[in-house]
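Note that this is a predicted model, so its numbers are computed, not measured.
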Amino acid sequence: MSKNLGTLEETILLLVAVMVDAAYGYSVSEEYFNHFGQRISISAVHTVLNRLERKGFIRSEMGGATNIRGGRRKRIFRITNLGLTTLENIQRNRMKLWDMMPKLNSNI
Amino acid sequence: MRSDDLENKPPKWADRFLEWYCSVNRIDEIQGDLYEAHYHRSNRIGAKKANLWFIWDVIRFFRPSSFGKQRHIPNPFDMHLNYLKISYRNFIKNKVYSSINLSGLVVGIVSCLFISLHVLEELSYDRFHPYPESTYRVVMDMFNKEELSAKSAPVYAAVGPNLVIDYPEIIESTRILPFGNGVYSVKRPDGSLVRYNEERAVYADENFFQIFGFPLIDGNPVKVLSERNQVVLSESTAKRYFGTENPIGKTITYRGFREGVVTGIMQDFPENSHMQFDIVSSLKSWDGFEEWPQNWGWYDFYTYIRTNDQADINALADKLNNYLETKKAESYENTGSREVLWLQNIADIHLYSKGLSWEMGENGGADKVYFLVIIAAMILIIAWVNFINLSTARSVKRAKEVGLRKVVGARKLSLISQFLTEAFVYNLSAVILSLIIVFVSVPIINGLIEVSLERTMLLSLNVIIGLIILIFLGTIVSGLYPAFVLTSFKPLNVLKGNFYNRRSQFGFRQILVIFQFTVSIILVLGTVTVVKQLKFMQSQDLGLDIAQTLVIRAPSSSRGGDDLINRNKVFAAKLEQLPEARGFTVSSVVPGVENFSISSFFTRFDPKLRRDCYRVRIDDKYFSEFGIDLVTGRNFRKELQSDSSSVILNKEAVKLFGFGSPDDAVGETLNPGLRYQWKIVGVVENYHHSSLKESLDPIIFYYHPTSGNFFSVKLENGKYQQIVSDIEEIWDEIYPDNPFDFFFLDEFFNRQYKSDQQFNVVFRGFAALAIIVACLGLFGLVSFTTEQGRKEIGIRKVLGASVMKIVLLFGRDYAVLITIAILIAFPLGYYLMNNWLQDFAYRTNIDPYIFVIGGLTVVVIAFLTVSFKSVSAARSNPVGALREE
């Protein structure tokens with residue numbers, strides 16, 4: 001399986017990394033909306049999260065239940081070291097590219 | 001919890017759909033997320049829109065990654081090992097209940113095994129013949145004026161040979177004439193005379209050994225009976241006469257003058273044959289044999305036929321119905337009688353010959369067999385009921401286990417299979433234990449009630465298949481209900497511990513207890529009735545005195561001519577000098593001996609109407625020695641020459657011939673105008689010639705003082721041993737060629753009740769077993785409920801209840817059940833006992849006291865069982881019960 005990250009995958013991986021101990025299907029989709037203003041369906045989030053877990057970028061464990069959830073437990077996701085280094089690599093490469101960006105007219 | 005607690009519920013059907021398709025591994029995150037989203041959405045955009053979104057999400061989740069109902073399925077082998085382990089631990093933990101359960105089952109299965117052995121033996125009768133399917137016995141119903149007068153096992157001499165000629169489907173027939181009894185003797189090389197009285201000697205047609213499956217050890221089956229005066233001996237009989245010598249070709253003498261040649265040795269007849277013969281002689285030895293195919297008057301011949309494979313038995317039976325009508329039309333016309341032939345398959349003779357007269361041996365036990373089967377089944381069912389009862393009662397204890405198993409994810413099916421496994425283990429071990437017990441105790445039982453059960457039969461295919469079926473049936477019957485009860489508990493209630501209630505509603509368990517006690521009471525009632533009937537029959541006035549009577553089989557071996565008559569006179573004279581002998585009489589039969597002697601008679605009122613009547617030849621002392629009262633007329637007189645053509649009737653015969661009163665009969669003549677006509681000189685009281693199962697027989701007594709088959713000697717009280725040896729001395733002096741063969745008449749007569757006595761013993765045994773098993777169950781049940789109620793007892797005692805009150809409280813529940821059982825058992829028992837008694841011509845009445853005994857026995861035993869446990873519970877210190885909490 002490719003260890004490459006798609007754009008949505010990268011975004012969600014970032015969200016999981018940010019939301020320490022609070023990342024699960026619904027909260028991630030809400031957070032996504034809060035940051036990007038775009039709705040993303042829960043089922044899509046689940047798909048991505050599962051894919052990330054299979055690729056080894058995140059791991060999960062069952063967390064607590066709440067009344068709102070009808071007594072169902074959350075699957076809490078956490079970023080793995082692999083996930084973190086991959087994110088950092090991407091970020092570093094991007095920064096390199098940004099640094100190489102010629103200084104254009106700031107008016108543009 | 002679940003969505004019920006939420007304010008706005010998502011659409012139920014969508015929710016269910018989700019739960020249906022979603023795997024258990026993923027339901028938490030998916031459903032939880034959707035609920036959570038739904039909750040926030042309904043706050044934000046309203047319930048309706050949130051619902052739509054919910055449905056949409058459910059549909060979007062409907063994809064393979066959510067499916068896969070792969071639960072964690074436990075390794076079935078491991079699981080069953082665990083079930084076995086738990087069963088074992090439970091057994092060890094509750095030794096009392098477990099052993100009650102197990103011993104009940106063992107008792108039930110042991111009874112079943114014993115009875116199956118008996119039944120298998122009964123069913124195996126006469127299956128060893130070469131053509132069991134196509135061999136039949138011809139028997140006949142005899143009607144007098146359209147009224148059934150007798151069902152006769154033997155038929156006319158002519159029937160066999162003529163059937164073979166008239167019906168092509170009948171291949172062959174063979175006849176057996178049961179008149180070979182008497183003294184047989186052999187002169188040994190050393191000059192000594194070996195002599196025995198043979199009781200099981202017959203004459204048979206030459207194809208006897210071809211139709212029947214009695215193998216010959218020596219001799220050609222086609223030839224051993226083909227000539228006059230040929231004799232075939234059974235192996236053990238041959239040993240008696242010839243020892244180790246080869247008997248073939250040797251001479252054996254019958255009744256001192258008729259010589260036969262031993263042509264064959266047959267194996268001793270197997271136990272499971274309705275025929276039991278030691279000596280078979282050729283039928284041709286009889287004078288007049290050649291004329292028998294025309295003899296339609298003499299019906300002492302047991303006749304067997306063999307049909308070919310194409311024969312339609314029903315059609316043949318129809319044809320036989322009218323057969324005698326065509327052959328004896330004239331005689332029927334004259335006498336107003338009628339006879340109908342019918343067929344019995346040879347394998348049916350032993351079980352289904354009820355009501356046939358002049359039968360060989362004791363046949364017709366089908367009813368008893370059915371009866372025993374029912375009893376065994378009842379005991380087994382009672383044992384199963386115990387298992388059901390105790391298991392469900394114990395469910396209180398097991399409920400926690402069940403609750404826990406459910407919580408950790410056991411499904412209903414696996415729980416049911418657990419309890420079925422447990423029932424299976426019980427049933428299997430019960431069967432194995434029972435097999436061992438039966439195997440060990442068969443010889444003991446055989447000795448105890450004089451039966452011959454064969455324990456090798458235990459290993460026959462039928463029994464093994466039966467046992468396997470029994471194990472599975474038992475597992476289902478005894479395991480299924482407890483399994484359902486136990487698995488139906490709600491784990492939460494169970495674990496909280498608040499579901500037990502001593503006085504539960506009138507449920508299945510109560511009905512089972514009622515059933516057990518109904519059966520027990522009926523069995524006790526039956527036992528009491530059987531015992532009463534037996535006592536009744538043996539104490540009933542027979543109409544004659546058979547006490548202190550020594551009966552000697554009269555000598556039959558003669559030196560020819562008047563030899564025996566002369567010697568008998570000497571013997572009688574010598575006996576009279578013996579101080580211990582009070583009296584002496586000679587007769588053709590004695591009470592308890594089957595009378596084959598029957599003739600037909602008519603009176604002057606209706607010469608065409610012939611009636612069959614038993615004949616007994618006696619001397620002038622018969623009536624006085626046996627204490628039979630003369631009603632009217634006179635006894636035979638020695639000095640009257642004319643008494644050789646006089647007869648005396650019993651009252652039953654007076655009725656048979658239609659005389660108005662005994663006085664009217666005296667002076668009349670029987671068979672007037674014939675060459676032999678008989679003048680009636682007296683009438684005597686009726687007496688029971690055979691057991692009280694039969695009604696009174698009409699008898700005509702002839703005067704024949706010089707010869708008879710039995711010498712009856714009335715003895716003074718005292719040392720019978722001495723008397724017998726004295727008489728034997730005289731006997732040996734006068735009849736050196738005849739064996740001294742005697743019996744005491746009262747013992748002999750009561751031997752007719754042997755099978756009833758056996759039945760009685762068996763019945764009592766099984767009744768006791770049934771009650772024991774039922775009480776075991778009751779004991780288990782009571783000890784359990786009292787144990788469960790320990791706290792209640794403790795509290796009651798603390799509050800001041802007396803021991804008595806507490807015992808009564810616990811006993812009351814059972815008292816109700818037993819009362820109901822009594823109400824059911826009494827009428828049912830009455831009906832059954834009445835039915836059984838119908839078999840007896842003379843029967844005891846069913847007294848109320850039988851019911852008192854039956855009811856009391858069971859009530860007392862049940863009361864003891866209940867109080868045994870509840871008293872000790874009630875007397876215990878309440879502190880013990882109350883402090884553990």
- Look only at the side chain of B/Arg63 and the backbone of A/Ser43, and say whether a donor-acceptor pair between them is shorter than 3.5 Å.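 Yes; at least one donor-acceptor contact below 3.5 Å.
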- Is it true that a side-chain atom of A/Arg75 and a backbone atom of B/Ile30 form a donor plus acceptor pair closer than 3.5 Å?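 Not at all, since once roles are kept as given, no pair shorter than 3.5 Å links the two residues.
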- Query: Between A/Thr47 and chain B, which part of the residue has a heavy atom less than 4.5 Å away: side chain, backbone, both or neither?
  - Reply: both
- Output for pair (A/His46 NE2, B/Leu34 CG), nearest 0.5 Å, gives 7.0 Å
- Going by an N to O cut-off under 4.0 Å, is there a salt bridge joining B/Asp28 and A/Lys74?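 Looking at B/Asp28 and A/Lys74, the cut-off is not met.
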- Hey, can you tell me if B/His40 and A/Tyr26 have their rings parallel, tilted or perpendicular (30° and 60° cut-offs)?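 B/His40 vs A/Tyr26 ring planes: parallel.
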Might you confirm whether atom [atom1] of [X] has over 12 heavy atoms from other residues, nucleotides or ligands at distances under 6.0 Å?
| X | atom1 | result |
| --- | --- | --- |
| B/Leu413 | CG | no |
| B/Tyr88 | OH | no |
| A/Phe36 | CZ | yes |
| B/Lys412 | NZ | yes |
| A/Asn81 | CG | no |

- Exercise: identify the closest heavy-atom pair between B/Glu29 and A/Arg69: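 Scanning both residues, the minimum pair turns out to be O-NH2, 3.5 Å.
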- Message: side chain to side chain contact (heavy atoms under 4.5 Å, CB included), that's the test. Do B/Glu36 and A/Ile42 meet it? Break it down for me.
- Response: CA-CA 11 Å; B/Glu36 203 172 334; A/Ile42 298 174; over 6 Å; no
- Is there a side-chain contact between B/Arg26 and A/Asn50 (heavy atoms, below 4.5 Å)?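 Touching, per the 4.5 Å side-chain cut-off.
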- Item | Sequence neighbours excluded, every pair satisfying salt bridge (Lys or Arg N to Asp or Glu O under 4.0 Å) that has a member inside residues 84-100 of chain A |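 Every pair satisfying salt bridge (Lys or Arg N to Asp or Glu O under 4.0 Å) with a residue in residues 84-100 of chain A: A/Glu10-A/Arg94.
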